[in-house]
Novice: 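Right, I'll just put the structure down here and ask away after.
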Amino acid sequence: DLYSHKNANIRLGVINLDLEKLKAFIEQSGRSITFIADKLDMSRESLYKKLDGRIKFSAEETCTLATILRMTSDEIMDIFFAKYVRKNAI
């Protein structure tokens, strides 16, 4: 299961994500910040701090977020691993 926090591809301590792409994806998803925060078991304030880059998302939160937003594997790579993939591209 791609979204499982047990998946080796997602089991990173700190996810190097593209916050601007994530915010745009959330907006396009139609999911409210309240709904997402509730599913992540955090306050709206905490979610906003994470989306602003003041607090990092944990790997488990990232997996949950991908599930909530019904992301494809390509979308996950593009948003959550974009900086890593670009840096290590062949």
Side-chain angles (χ1 to χ4, degrees):
D1 181 353
L2 181 61
Y3 304 126
S4 171
H5 66 277
K6 294 176 184 172
N7 185 307
N9 293 327
I10 308 246
R11 217 180 339 155
L12 302 174
V14 176
I15 302 299
N16 199 4
L17 60 98
D18 187 323
L19 289 171
E20 294 308 314
K21 284 185 180 180
L22 177 58
K23 288 186 233 181
F25 195 91
I26 289 171
E27 189 173 317
Q28 292 172 10
S29 78
R31 300 280 193 195
S32 71
I33 292 296
T34 302
F35 176 83
I36 294 168
D38 183 56
K39 293 294 185 185
L40 290 170
D41 197 27
M42 67 178 65
S43 68
R44 288 169 35 105
E45 181 180 358
S46 292
L47 180 54
Y48 278 119
K49 286 180 181 177
K50 289 175 184 276
L51 291 171
D52 288 340
R54 291 181 278 164
I55 301 172
K56 294 193 183 285
F57 283 95
S58 71
E60 185 174 354
E61 290 166 341
T62 303
C63 293
T64 302
L65 192 54
T67 301
I68 292 166
L69 298 174
R70 298 184 177 123
M71 292 179 166
T72 66
S73 57
D74 286 341
E75 291 164 338
I76 290 169
M77 291 302 294
D78 187 45
I79 293 171
F80 296 121
F81 298 98
K83 294 174 186 175
Y84 178 79
V85 171
R86 277 187 229 123
K87 180 180 175 184
N88 294 302
I90 296 175

Novice: Looking at Glu61 and Leu40, what are the two nearest heavy atoms and their distance?
Specialist: O-CD2, 3.6 Å
Novice: Decide yes or no for Ile76 and Thr62: does some side-chain heavy atom of the first lie under 4.5 Å from some side-chain heavy atom of the second?
Specialist: no
Novice: Working to the nearest 0.5 angstrom, can you tell me the gap between Asp74 CG and Ile79 CD1?
Specialist: 11.0 Å
Novice: If you look at every heavy atom in Leu47 and Ile36, which pair is closest and at what distance?
Specialist: CD2-CG2, 3.7 Å
Novice: I need the minimum non-hydrogen distance between Lys56 and Lys50, along with the two atoms involved.
Specialist: O-NZ, 3.0 Å
Novice: For the atom pair CZ (Phe80) and SG (Cys63), what is the distance rounded to the nearest 0.5 Å?
Specialist: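 Answer rounded to 0.5 Å: 8.5 Å.
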Novice: To the nearest 0.5 angstrom, please state how far the CD1 atom of Ile68 sits from the CZ atom of Arg31.
Specialist: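 CZ of Arg31 is found 8.0 Å from CD1 of Ile68.
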Novice: What distance do Phe25 atom CZ and Asp18 atom CG have between them, rounded to the nearest 0.5 Å?
Specialist: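 The CG atom of Asp18 is 13.0 Å from CZ of Phe25, to the nearest 0.5 Å.
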Novice: Is any side-chain heavy atom of Leu65 closer than 4.5 Å to a side-chain heavy atom of Leu22?
Specialist: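 Heavy-atom side-chain distance check passes, below 4.5 Å.
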Novice: Sequence neighbours excluded, which residues qualify as side-chain hydrogen bond (donor to acceptor under 3.5 Å, both in side chains) partners of Asp52?
Specialist: Arg54
Novice: Would a hydrophobic clustering, with Ile, Leu, Val, Met, Phe, Trp and Tyr connected at side-chain separations under 4.5 Å, put Ile55 with Leu51?
Specialist: no
Novice: Please identify each residue that fulfils salt bridge (Lys or Arg N to Asp or Glu O under 4.0 Å) with Glu20, with sequence neighbours left out.
Specialist: Lys23
Novice: Who pairs with Glu27 by salt bridge (Lys or Arg N to Asp or Glu O under 4.0 Å), at least two apart in sequence or on another chain?
Specialist: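 Glu27: no salt bridge (Lys or Arg N to Asp or Glu O under 4.0 Å) contacts found.
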Novice: Between CG of Asp38 and OG of Ser43, what distance do you get to the nearest 0.5 Å?
Specialist: 11.5 Å
Novice: What closest approach, in Å, do Ser29 and Leu69 show between heavy atoms, and which atom pair accounts for it?
Specialist: OG-CD2, 3.5 Å
